[in-house]
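Comments concern the structure below.
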Amino acid sequence: MKEIYMIQPNSVYGDSVYFPYAAGSLIAYAFTDESIKKEYELKKFIYKKENIEDVINGFNNPFLVGFSCYVWNYEYNKALAKAVKQRFPECITVFGGHQINRNSEVTGSDYADFVIQGEGEESFRNLLLYLCGKEKIENVPNIVYKSDNGEIIANEVSSAFVTRVSPYITGWFDEIVEKETLKFSAILETNRGCPNRCAFCDWGNIKSKIKNFDTDIVKAEIDWMSEKKIEYCYCSDSNFGLYERDIEIVEYVIEKHNENGYPQKFQATYSKNNPHTVFSINKRLNEAGMSKGATLSFQSMSSEVLRNINRKNMPLENFLELMSLYNSNGIPTYSEIILGMPGET
């Protein structure tokens with residue numbers, strides 16, 4: 001069996017660390033394929049910034065090491081990949097995540113064999129099939145790699161994948177929950193994509209349409225989090241509250257919380273285009289003691305800056321009305337300002 005190691009190191013907050021959700025989603029999706037089940041074995045998730053020498057010593061005979069990258073782990077992942085190549089020069093290294101695109105410094109480097117840009121499920125699965133002789137390299141979307149003569153080749157970029165497979169309910173995190181002494185925080189993804197094009201945001205740069213995931217799967221994930229006593233659930237949707245069904249999802253979270261106390265807190269990045277649904281959600285969470293505050297964000301008050309970053313805020317009158325509504329209901333709120341954007345004085 002070809003050994004796979006997945007790397008998504010997160011920061012430890014007090015006594016809590018996040019699940020390696022992105023890496024887990026790739027594995028869960030890939031291992032629905034029977035050929036991959038026969039050819040590969042997932043050996044380990046690395047989800048904390050452990051000593052690199054200790055990590056390498058924990059590898060047995062790695063065939064492939066996958067790195068999920070964002071700003072908080074990018075430098076660590078590069079250092080670990082270099083160490084992997086030094087100790088195991090034949091090991092295949094794959095880089096992906098929000099931090100990665102065709103122009104990233106890892107592209108074409110000696111320590112990254114393949115780069116996946118954009119959504120990774122279909123790309124990672126097809127790459128594994130290619131590496132075991134079951135697929136052609138040209139049928140692996142979103143990858144960038146070097147040819148035998150050193151030329152950089154970028155395959156077609158695609159944002160579509162067939163279906164979502166949950167790493168929670170398929171059991172990929174069960175073992176680390178049992179072994180880890182830290183508490184876990186969980187990412188909940190009910191949809192993917194964003195209708196907005198804010199220039200400062202990764203969602204805006206991806207320019208993808210929203211794909212809603214099956215509500216029954218979302219509820220099954222909430223069941224799993226409640227059963228595993230996950231204290232903090234963060235919804236990674238770009239615009240939670242955009243759809244009426246989001247109220248149903250929050251009501252289900254609260255129902256599980258009332259049954260056994262978990263999740264204890266629920267937080268989301270809320271839609272700015274559906275304020276009354278968002279208020280209804282936050283009112284329910286606040287009454288259940290699960291709210292960490294509602295976001296009413298103004299990234300800038302300058303009309304020039306807002307034009308430069310493709311952002312449109314709600315009218316100030318609406319904002320004041322909402323603030324009054326939240327305050328009269330005793331719901332904590334906060335706002336966000338981003339300093340140093342183009343056009344700011």
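Both backbone and side-chain heavy atoms feed into the values below; hydrogens, waters and symmetry mates do not.
The aromatic ring centres of Trp72 and Tyr13 sit 6.0 Å or more apart. Not less than 6.0 angstrom separates the ring centroid of Tyr234 from the ring centroid of Tyr21. Proximity of the aromatic rings of Tyr47 and Phe19 is defined here by a centroid distance below 6.0 angstrom, and this criterion is not met.
Between the side chains of Asn273 and Ser271, no donor N or O sits under 3.5 Å from an acceptor N or O. Side-chain atoms of Asp223 and Tyr252 include a donor-acceptor pair closer than 3.5 Å. Thr277 and Glu244 share a side-chain donor-acceptor pair at under 3.5 Å. Residues Glu122 and Tyr29 bring a donor and an acceptor atom of their side chains to less than 3.5 Å of each other. Residues Ser238 and Asn196 have side chains that never bring a donor and an acceptor to within less than 3.5 angstrom of each other.
Both the sub-6.0 Å distance and the 45° axial angle are satisfied by Lys78 relative to the ring of Tyr74. Cation-pi contact between Lys228 and Phe173: absent, since separation from the ring centre below 6.0 Å together with deviation from the ring axis within 45° is not met. Judged by a 6.0 Å distance limit and a 45° cone about the ring axis, Lys82 is positioned over the six-membered ring of Tyr111.
Atom CD1 of Ile36 sits about 12.0 Å away from atom CG of Leu42, to the nearest 0.5 Å.
Within the 4.5 Å cutoff, the side chain of Asp33 has heavy atoms near those of the Leu129 side chain. Side-chain contact between Tyr5 and Asn60 is present, with heavy atoms from C-beta onward closer than 4.5 Å. Taking 4.5 Å as the limit, some side-chain heavy atom of Ile247 sits within range of a side-chain heavy atom of Ile281.
Asn73 contributes a side-chain N or O that, together with a main-chain N or O of Ser68, makes up a donor-acceptor pair within less than 3.5 Å. Tyr76 places a side-chain N or O within donor-acceptor distance of the main-chain N or O of Glu50, the cut-off being under 3.5 Å.
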Could you walk me through whether Lys219 and Glu248 satisfy the salt bridge (Lys or Arg N to Asp or Glu O under 4.0 Å) test, starting with their C-alpha distance in whole Å, then the side-chain angles of each, then the deciding distance to 0.1 Å, before giving a yes or no? CA-CA 10 Å; Lys219 288 183 176 180; Glu248 177 188 349; 2.7 Å; yes
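Ring geometry for Tyr70 against His98 counts as tilted: the plane angle lies between 30° and 60°, on a 0 to 90° scale.
Qualifying side-chain hydrogen bond (donor to acceptor under 3.5 Å, both in side chains) partners for Lys48, counting only residues two or more places apart in sequence or in other chains: Glu180.
The existence of a salt bridge linking Glu287 and Lys283 is confirmed by a sub-4.0 Å separation between a basic side-chain nitrogen and an acidic carboxylate oxygen. Ion pair Glu189/Lys211 not flagged as a salt bridge, since none of the NZ, NE, NH1 or NH2 atoms sits closer than 4.0 Å to an Asp/Glu carboxylate oxygen.
Other residues, nucleotides and ligands contribute more than 12 heavy atoms inside 6.0 Å of the CG atom of Asn149.
Sorted by first and then second residue, the side chain to side chain donor-acceptor pair (under 3.5 Å) pairs with a member in residues 298-310 read Ser300-Glu344; sequence neighbours excluded.
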